[in-house]
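Here's the structure, in structure tokens; my notes come after.
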2 protein chains.
Amino acid sequence: MDESQLLGFFKALADANRLKIIGLLSQENFTVEQLAAMLELRPSTISHHLSRLAKAGLVSARAEGYYNLYRLETSKLESMARQLLSRESLPAVAADVDLEAYDRKVLTDFSNPDGSLKIIPAQRKKLMVILRHIVNSFEMDVRYPEPEVNQILARFHEDTATLRRELVGAGLMERERGKYWRV
Amino acid sequence: MDESQLLGFFKALADANRLKIIGLLSQENFTVEQLAAMLELRPSTISHHLSRLAKAGLVSARAEGYYNLYRLETSKLESMARQLLSRESLPAVAADVDLEAYDRKVLTDFSNPDGSLKIIPAQRKKLMVILRHIVNSFEMDVRYPEPEVNQILARFHEDTATLRRELVGAGLMERERGKYWRV
DNA sequence: TAATTAATTAGATATATATCGAAATAATTT
DNA sequence: AAATTATTTCGATATATATCTAATTAATTA
């Protein structure tokens, strides 16, 4: 669901010692002291790691008399793994990304301030962006005679013949008996 | 399988922008330039992220004429997610961890150089470590009379009565009609 | 109550790395 | 061949964070 939850999950596990802690807790519950001895780290360091894991919901502590017993939250681990396997969660991660940014960039790169084109892009990928933009200057369900088409295309570039041909070739317009229309 | 492979997987995804790249590539293949425009980062930065993802096997590049089209390796993603769900892979992450380190630490903390105990630990968890150590001084399948038990325990601590009681209480030894034996 | 002990928090340091700009490569178009 | 373009690599910088020691807190035992 939450994209920052996925990030927190990965960040929590992106450390060799935290991974080992998870591995150990998957077999048995341990205290901070025990983990510190086994991993040859200071208790304060272990405490830090455990708090990061706890913040991600991957471990929890139970006060056992004198000390804190930490245990693995296997359900959390499973639910995150399952999220990775689901088809919806990945696209959701990029939900707030501006997908049109590239098209806008191409448009600005190739356009003069008055809206005309500096040059016609040679690359297919960029030409398509430009063509999709140009075709918006034609209304739907209107059949344009060739001179009128040229007049509109001339706003963008003097080589109207190339633009006409590319628009048809790209499948954005169609032609029959000297008339053109959007598809 | 490989524990460092799991770590590489998590490190590769433990970054907000790399996660977004994965999210975008889960919908469509993109070039470096396109990703750079959409994420508002420099192409060199995107290239760096993609190389980290590629090293983890999560994306791959296909030379498409002029540019490189990157695509998501969904099979890799799935196999890693499945590894998280399997029961064996987690313990394997901690395979090289010294599980006895804590017991050794307790033993050293409470023992004098000659092997006798400074004090008998009050805490259950530590007392158990000491008792499991002491019981090794008794042979299996031998029935010891109480004076002999005391003689052996005296090597560890003068309060042999407490040690005797705790060994039986912990279920490490049993007693019947004045004789003691290991279980 | 005083002393011991486990755990956490705070502060400091050193390492890792995300990001950028510039340079180098590689491929394409003119 | 020269110029353009996409990508990668390199070097530098700034940020994040793993780890330690020291101090603090909380709980237990003597």
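Atoms considered below: every heavy atom in the structure, side chains included; atoms not considered: hydrogens, waters and symmetry mates. Sequence lines set the chain letters: A, B, ... in the order given, protein chains first and strands last, and positions in each chain run from 1.
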- Task: Name the nucleic acid region contacted by S51(A), choosing base, sugar-phosphate or nothing; use a 4.0 angstrom heavy-atom cut-off, strictly under.
- Result: nothing
- Message: Students often get this wrong, so: under 4.0 angstrom with heavy atoms, is K126(B) touching a base, only sugar-phosphate, or nothing?
- Response: sugar-phosphate
Identify the pairs formed between an N or O of the protein and an N or O of nucleotides 15-20 of chain D at a distance under 3.5 Å, and give each distance.
{"from": "dT17(D)", "atom 1": "OP1", "to": "K11(A)", "atom 2": "NZ", "distance (Å)": "3.3"}
{"from": "dA18(D)", "atom 1": "OP1", "to": "R18(A)", "atom 2": "NH2", "distance (Å)": "3.3"}
{"from": "dA18(D)", "atom 1": "OP2", "to": "R18(A)", "atom 2": "NH1", "distance (Å)": "2.9"}
{"from": "dA18(D)", "atom 1": "OP2", "to": "R52(A)", "atom 2": "NH1", "distance (Å)": "3.4"}
{"from": "dT19(D)", "atom 1": "OP1", "to": "N17(A)", "atom 2": "ND2", "distance (Å)": "2.6"}
{"from": "dT19(D)", "atom 1": "OP2", "to": "H49(A)", "atom 2": "NE2", "distance (Å)": "2.2"}
{"from": "dC20(D)", "atom 1": "OP2", "to": "R42(A)", "atom 2": "N", "distance (Å)": "3.1"}
{"from": "dC20(D)", "atom 1": "OP2", "to": "T45(A)", "atom 2": "OG1", "distance (Å)": "2.8"}

- Parallel, tilted or perpendicular, as decided by the 30° and 60° cut-offs, for the rings of F156(B) and H133(B): perpendicular
Quick one: [X] [atom1] to [N] [atom2], roughly how many Å, whole number?
X	N	atom1	atom2	answer
I46(B)	dA6(D)	CD1	C1'	14 Å
Y67(B)	dA6(D)	OH	C1'	10 Å
F30(A)	dA6(C)	CZ	C1'	17 Å
I120(B)	dT28(D)	CD1	C1'	18 Å
E64(B)	dA26(C)	CD	C1'	16 Å
R124(B)	dA27(D)	CZ	C1'	18 Å
Q34(B)	dA6(D)	CD	P	11 Å
R62(A)	dA6(C)	CZ	C1'	16 Å

- Message: Check E166(B) with R124(B), please: is the shortest side-chain N to carboxylate O separation under 4.0 Å?
- Response: yes
Please check the phosphate of [N] (OP1 and OP2 only) for any side-chain N or O of [X] closer than 4.0 Å.
X	N	result
Q123(B)	dT4(C)	no
Y70(B)	dT8(D)	yes
N68(A)	dA26(D)	no

- Query: 5'-most contact on DNA chain D: L50(B) or I119(A), nearest heavy atom basis?
  - Reply: I119(A)
- Hey, which of these two, F110(A) or A61(B), hits DNA chain D nearer its 5' end, going by closest nucleotide? F110(A)
- Stepwise, does the side-chain hydrogen bond (donor to acceptor under 3.5 Å, both in side chains) test hold for S47(B) with S44(B)? CA-CA 5 Å; S47(B) 197; S44(B) 63; over 6 Å; no
- Message: Rounded to the nearest 0.5 Å, what separates atom CD in Q83(B) from atom CG in L90(B)?
- Response: 9.5 Å
- Where is the tightest heavy-atom contact between V142(A) and W181(A), given as atom of each residue plus distance? O-CB, 3.3 Å
- Task: Identify the heavy atoms of L167(B) and I134(B) that sit nearest to each other, and give their distance.
- Result: CD1-CG2, 4.4 Å
- Task: Any pair with a residue in residues 61-70 of chain A that passes salt bridge (Lys or Arg N to Asp or Glu O under 4.0 Å), sequence neighbours left out, goes on the list, sorted by first then second residue, please.
- Result: R62(A)-E64(A)
- Between dA7(C), dA30(D), dT30(C), which nucleotide gets closest to the side-chain atoms of A122(B)? dA30(D)
